[in-house]
Amino acid sequence: MNAPQSNSERWSKTDYRLAWILGLATFILGSLTGAASVGDADNAEFVMVALYGGVAHPPGYPLYAILLRSVGMLLEGAASPVWRLGLLSSASCGLAAVIFFFVLRRLHFSRWATALTVLWTFLSLPIWRMSNLVEPFALHVLLITAIVFCTQTLFEDFENTKKVVALGFLWGLAFCHHHTMVFMIPLVVWVLLSAKPDVRFWLGRVPKFLFGFGLGCFPLAYFFTHDMSGAFVWGDWAESGRLWNHLFRTEYGTFQLVPGTQDNQGRGLHALLKSLPEGWGYMGLLVLLLGVGRSMADRHQPIQTLWTRAFGVCLLVYLVLFLGMANLPSDDPNFTVVQRFLAQAYLLMGIFLAKGLDGLNDWYQKRSKRPTVMALLPVVLLLHVTQTFPKADRGNENFVQEHAQNILSLTEPGDVLITHNDLETFSLMYMNQKLGKKVTVIPLGMMGMPWFRHRILNQFDLQDEADDLKSMFEGLNAQTRLVWVEPSGFAQHSHAPERFYPLGPVFMVPRTGQEVPDPVAVFAQNKMRYDNDFVLPKPSDPVALTTRVERELFGKYGVPWAILCDSLKAMKAGSMHEACIWAKQFKGAP
């Protein structure tokens, strides 16, 4: 196939204005729905790294970390730190929307269909929810659109070596960001070989591509140039193989999102299917299906056919090899841990939405000159945005941060907090840093990593032979009080000390030699905390619990009350005691 001449000259001022209006609308809606408090997933970890330094979990996201720290310094003191850091995600999605507009226009989609596609794609729930979150997936969407656009320019002028270097540079940046970018390789190979099916020709340009790729890897310097004493540093960077282990996530599987769990494959696909009616809306879903059908049957637009097939191959590979095989913790499409991996699929499906909209436009223009019917689709989109806005809004998502504040309000300087999941681990680390409390947060899941275990041994001056968890916790308990967060998981660990008493949403293990109070005294302490210190919704107000994360965390607050109730029953206090009533209310919360 002969590559077409560049069609950028046919773009009018209207195209440029419209593209930037769409990008600005995406940015504004993302910033308007941004959160002021840390939320679920790894959000608190990135906020902590941005404000206080450190290295995030593998692959470390060095490009995102550099940009986050820059935004944090430029906007220091402006509004909530979480909200202002979220502006990076809003800006990334806004710029991606601008680029995606020109990607579709290069493929000869009508201006009307292109504009509607950009809005419908970037205001779909999964992408919108990434545009207002302090996580790297909005930047991931931007890198995908940039690589596609650069591939288009090279497709139109494959003799231009500068464009080969530029493409390599973008792939270098992508390599420094997220490993799922690998699923975009089929698109680049497919379209470039279609432009010039000469393997020798492209092999001769590999050195230039690698040169650009090397330049694009400059963010890797972040790992070695910043202060390793930051608030959170994953890994021992004195190890020679640390960079390799970090970039390729060898400690818990490159594409294995839930290590050690082998029965969760297919949940990503299930979540995608469940998300479609809410993500696109039913009208958008019908247009999408029409676009898929037209892509398979239409032969009048060879360039569109080539690119829709390339997008389709990437989408299929992503669905089968990633969403279909990766271990995900849930198939709930509104769970952020799952939702963030749906964004790439929605972006790839966008071209089929454009194909469907263009088909409707062509069909209608052949039958009528009145624009009334086609104007209904923007109205449908407006209604979709109106319905999606409250679901995308993170403005009132303060539950996770308040939960962390509640737990820290129960602690004393020197306590060791033992956590069971990333959400509470990072939110507690962030709030501990923010509030200036001197506690230590130990994620139980990381104790199996030698570098982390040795870090704890050195911090508390424990003997090296105390490398099994039971001995380590006994050594820690000899020095300080242990606070076990998430009491529902407490009994699952045989190395947990037997002497504990419940207080709020935690189990507290007094330092060796301290006396355990009786249940009535514990209840009095609990009651005082809930009446005076806690800021979470009361169990009598379950309507305030709107998200899956809120309901999940809220249920943990009932466990200590149930234990108190059982203890008080044994003391003949009766099932009508206030502790038992609270336990029942928590248990009945939605």
Side-chain angles (χ1 to χ4, degrees), residues 23-48 50-51 68 71-72 75-94 97 119 122-139 141 275 278-279 281 332-340 342-343 382-406 423-424 426-427 430-431 434-435 534-538 541-554 590:
L24 184 61
T26 301
F27 169 76
I28 290 174
L29 286 171
S31 59
L32 284 177
T33 54
S37 305
V38 294
D40 56 344
D42 302 318
N43 171 242
E45 178 191 9
F46 289 110
V47 174
M48 182 168 49
L51 297 179
L68 264 185
V71 170
L75 301 179
E76 187 174 2
S80 157
V82 178
W83 182 84
R84 68 175 184 259
L85 290 171
L87 292 178
L88 175 59
S89 293
S90 302
S92 296
C93 273
L119 282 176
F122 283 86
L123 298 181
S124 63
L125 192 57
I127 295 183
W128 192 343
R129 290 278 288 177
M130 293 305 104
S131 72
N132 55 21
L133 180 68
V134 186
E135 281 217 7
F137 294 91
L139 183 59
V141 169
S275 76
E278 191 174 51
D332 181 358
N334 294 318
F335 185 24
T336 301
V337 175
V338 176
Q339 200 170 56
R340 59 193 183 183
L342 302 182
L382 181 62
L383 292 174
H384 171 67
V385 171
T386 303
Q387 293 176 342
T388 305
F389 189 98
K391 299 172 185 176
D393 188 16
R394 298 182 184 273
N396 60 352
E397 292 184 1
N398 55 2
F399 192 97
V400 173
Q401 183 161 313
E402 290 180 347
H403 174 62
Q405 286 177 291
N406 283 342
L423 187 151
E424 286 168 321
F426 293 126
S427 61
Y430 168 68
M431 291 307 301
K434 182 180 175 67
L435 299 175
F534 279 30
V535 292
L536 292 177
K538 301 293 183 182
D541 186 24
V543 178
L545 308 174
T546 57
T547 69
R548 174 187 183 275
V549 171
E550 289 177 351
R551 291 190 293 271
E552 182 179 289
L553 291 181
F554 192 69

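Please read these numbers as outputs of a predicted model, since none were measured by experiment.
The line from CE of M130 to CG of L139 is 13.5 Å long, rounded to the nearest 0.5 Å. Interatomic distance, Q405 CD to S427 OG, rounded to the nearest 0.5 Å: 10.0 Å. Residue S90 holds its OG atom at 11.5 Å from CG of L85, rounded to the nearest 0.5 Å. Here the straight-line distance linking atom CE of M431 with atom CD of E402 works out to 9.5 Å at 0.5 Å rounding. In this structure, the separation between CD on Q401 and OH on Y430 is 5.5 Å, given to the nearest 0.5 Å.
Put simply, the side chain of V549 reaches to within 4.5 Å of the side chain of L423, judged on heavy atoms. Between S37 and V82 the shortest side-chain heavy-atom distance does not fall below 4.5 Å. Taking 4.5 Å as the limit, every side-chain heavy atom of D40 sits out of range of all side-chain heavy atoms of V337. When side chains are defined from C-beta on, F46 counts as touching P136, because their heavy atoms get closer than 4.5 Å. Two residues are said to be in side-chain contact when any heavy atoms from C-beta on lie closer than 4.5 Å; E135 and R340 meet this criterion. Between L125 and Q339, the closest side-chain pair of non-hydrogen atoms falls below 4.5 Å. Side-chain contact between R129 and T336 is present, with at least one heavy-atom pair separated by less than 4.5 Å. Contact of the L29 side chain with the F389 side chain is registered, since non-hydrogen atoms from C-beta on lie closer than 4.5 Å.
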I'd like to know whether L88 forms a side-chain contact (heavy atoms from CB on, under 4.5 Å) with L68, so could you lay out the CA-CA distance, the side-chain angles of the two residues, the decisive distance to 0.1 Å, and finally the verdict.
CA-CA 7 Å; L88 175 59; L68 264 185; 3.9 Å; yes

Apply side-chain contact (heavy atoms from CB on, under 4.5 Å) to F426 and V38, showing your working.
CA-CA 9 Å; F426 293 126; V38 294; over 6 Å; no

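Here the side chain of R394 pairs no donor or acceptor atom with the backbone of T33 at under 3.5 angstrom. At distances below 3.5 Å, not a single donor-acceptor pair connects side-chain atoms of H403 with backbone N or O atoms of N398. Although no hydrogens or angles enter the test, the distance criterion places a donor-acceptor pair under 3.5 Å between the side chain of S80 and the main chain of A36.
Inspection of the T388 and W128 side chains reveals no N or O donor paired with an N or O acceptor under 3.5 Å.
Contact record, F27 with A91: CD1-N, 3.4 Å, taken as the closest heavy-atom pair. Of all heavy-atom pairs between S31 and W83, the closest is O-NE1, 2.9 Å. Across all non-hydrogen atoms, the minimal contact from A343 to V141 is CB-CG2, 4.3 Å. Of all heavy-atom pairs spanning P333 and S275, the tightest one is CB-CB, 3.5 Å. L133 and S89 make their closest contact through O-OG, 2.6 Å (heavy atoms, listed as atom of the first residue, atom of the second, distance). Nearest heavy-atom pair, G39 versus V400, reported as atom, atom and distance to 0.1 Å: O-CG1, 3.7 Å.
Of the charged side-chain nitrogens involved, none lies within less than 4.0 Å of a carboxylate oxygen, so that E397 and K391 do not count as a salt-bridged pair.
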